[in-house]
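Here is the structure we will look at.
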Amino acid sequence: MSYVVMQFAPAALERDQAAAYAGLSLTTFEKEVRERRAPQPRQVAGRRVAWLRAELDAWLFACPISEQLPPENTGAKKPRKSKDEV
């Protein structure tokens with residue numbers, strides 16, 4: 001008998017996971033939730049709450065496109081000057 005092992009991404013995330021998923025510090029994420037600019041948590045069992053990944057995705061996709069480049073410490077590649085600009 002063979003078994004198939006399937007792995008699924010969680011549909012709901014805990015507070016620290018939701019903040020990391022959104023790319024925000026926990027403090028900033030909590031402020032966005034408190035001020036109702038971010039999705040609200042769902043009560044999944046008893047006193048347990050979680051954020052739905054689908055709602056986080058929709059919120060993030062609705063954010064405006066930024067004109068700013070990422071800050072220096074992100075590790076993102078910066079545009080290089082061409083030989084003409086040097």
Side-chain angles (χ1 to χ4, degrees):
M1 177 181 283
S2 65
Y3 292 94
V4 177
V5 176
M6 291 195 268
Q7 298 221 350
F8 298 97
L13 304 171
E14 294 178 4
R15 180 182 18 230
D16 57 336
Q17 295 171 321
Y21 186 77
L24 299 173
S25 71
L26 187 54
T27 304
T28 301
F29 181 72
E30 288 173 338
K31 180 181 179 198
E32 294 296 303
V33 170
R34 188 172 49 253
E35 295 178 2
R36 299 199 165 285
R37 290 192 294 257
Q40 299 301 295
R42 301 293 186 121
Q43 186 172 352
V44 293
R47 294 177 54 189
R48 182 108 174 165
V49 297
W51 280 259
L52 297 180
R53 227 169 29 105
E55 290 179 354
L56 291 168
D57 285 338
W59 170 57
L60 292 168
F61 281 117
C63 289
I65 295 173
S66 176
E67 298 292 325
Q68 294 178 303
L69 291 174
E72 292 294 327
N73 63 352
T74 63
K77 293 188 178 198
K78 306 291 186 264
R80 292 186 172 191
K81 293 182 180 181
S82 68
K83 291 179 183 178
D84 297 334
E85 293 177 287
V86 178

Exercise: identify the closest heavy-atom pair between Ser25 and Ala19: O-CB, 4.1 Å
ILVMFWY clustering at 4.5 Å (side-chain atoms), partners of Leu24: Leu13, Tyr21, Phe29, Val33, Trp51, Leu56, Trp59, Leu60
Arg37 atom CZ, over 12 foreign heavy atoms within 6.0 Å: yes
Any donor-acceptor pair under 3.5 Å from Gln43 side chain to Gly46 backbone: yes
Donor-acceptor under 3.5 Å (Arg53 side chain, Pro10 main chain): yes
Any donor-acceptor N/O pair, Gln40 side chain to Ala38 backbone, under 3.5 Å: yes
Lys31 vs Thr27, side-chain contact (heavy atoms from CB on, under 4.5 Å): CA-CA, chis, key distance, verdict: CA-CA 6 Å; Lys31 180 181 179 198; Thr27 304; 5.8 Å; no
Transitive ILVMFWY side-chain link Phe8 to Leu52, under 4.5 Å: no
